[in-house]
Amino acid sequence: MLKDFLEIKESVQNALAEGKPVVALESTIISHGMPYPQNVETARNVERIIREQGAEPATIAIIGGKIKTGLNDDELEYLGRNGNVIKTSRRDIPFVIARGADGATTVAATMIIAALSGIRVFVTGGIGGVHRGAQQTFDISADLEELARTNVAVVCAGVKSILDLPLTLEYLETRGVPVVGYRTDELPAFYTRESGLNVDYRVDTPQELAAAVKTKWELGLDGGLVIANPIPEEFQMDGAVINQAIEAALADASKENVCGKDTTPYLLAKIKDITGGDSLRSNVQLIYSNAALGANLAVELAKKS
Ligand code: PSU
Ligand code: MN
């Protein structure tokens, strides 16, 4: 039974029962995406921002073999400090649970658990995608497959240029996943607002966004959406600086033969080191901005149901 595996925090359960807006958050970003203590501090601030916008936050993870939808403060701290948490995507979920282990959920796994919990909106920083060189390595994030099948709207800051942006867009197009620009016609590239690539649709208000999301699912068009919210202007990085850091990080990864699930965390940590922490500052700020938008979307969706 689902309830044997899944524990929904009381405040989240109450919000869901009352049809109030709830926003899911991932935990790989905490355990593998940022260093301690900034990771825990950011996670707490994100939850606060979501509450301030009138929605209930639910950070998702697996702790001691139990799926948690909604973490308390101690659990957030534990995840952020503990170096042994397993990066958990779709295929890892049953094993992490069966072993009674701790798992930090990726975008894919968080979407699955959000959907099981009845949550339709999920906020993160960046999604996984088609990696550069995927023509050779086949490295395509399971996040993209999940977006194709699971009904959760994912608010992010676009696609990070550690990935191949044009190929990621092609993949999403093939799998029927809408890529929506929030107040932009361009796909944002995470650290920067522009990529030179177009999104499918631009929306300018949370109301407009909610109307499209609701229509998609009412028609039975299963799968998620990528809602790309550009990093606020003042926190944007210099394009040349960040691209140089990314190139250097990619070169190191290839020299050290990093592959599989280690690739993304490796690149994120390298980029942070190379930019002397500047990338981390941008990363934190874009998540705050996404948190506000995700909460606004959840509020509008709740009004419509
Ligand atoms: N991109 C980021 N920060 C992150 C991740 C991606 O800017 O923390 C994490 C997310 O949890 C995402 C995962 O789901 O990496 C993708 O990993 P992979 O490429 O191995 O699928
Ligand atoms: Mn991969």
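Just so it is clear, the model here is predicted, and its values are computed rather than measured. In this chain, numbering begins with 1 at the start of the sequence shown. As the structure lists them, so they are numbered: ligands from 1, and atoms in each ligand from 1.
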Check your understanding: Does the Thr168 side chain pair with the main chain of Val130, one donor and one acceptor, at a distance under 3.5 Å?
Key -> yes

The answer, listing residues by chain and number that come under 4.0 Å of ligand 1 through any heavy atom, is Glu26, Thr28, Ile29, Gly33, Lys87, Thr106, Val107, Gly126, His131, Ser141, Asp143, Lys160, Phe190, Thr264, Leu268

Salt bridge present between Arg44 and Asp73 (N-O < 4.0 angstrom)
yes

Is Asp185 salt-bridged to Arg202, going by a charged N under 4.0 Å from an acidic O?
yes

Item to complete: Run the salt-bridge test on Asp252 and Lys255 with the 4.0 Å N-O cut-off and return the result as yes or no.
Response: yes

Given the options Thr275, Ile274, Asp278, Ile242 meets side-chain contact (heavy atoms from CB on, under 4.5 Å) only with Thr275

Which atom of Asp139 is nearest the Mn ion (ligand 2), counting N, O or S only? It is OD1

Would Arg193 and Glu186 count as a salt bridge (Lys or Arg N to Asp or Glu O under 4.0 Å) here? Give the steps. CA-CA 8 Å; Arg193 295 173 62 86; Glu186 255 189 65; over 6 Å; no

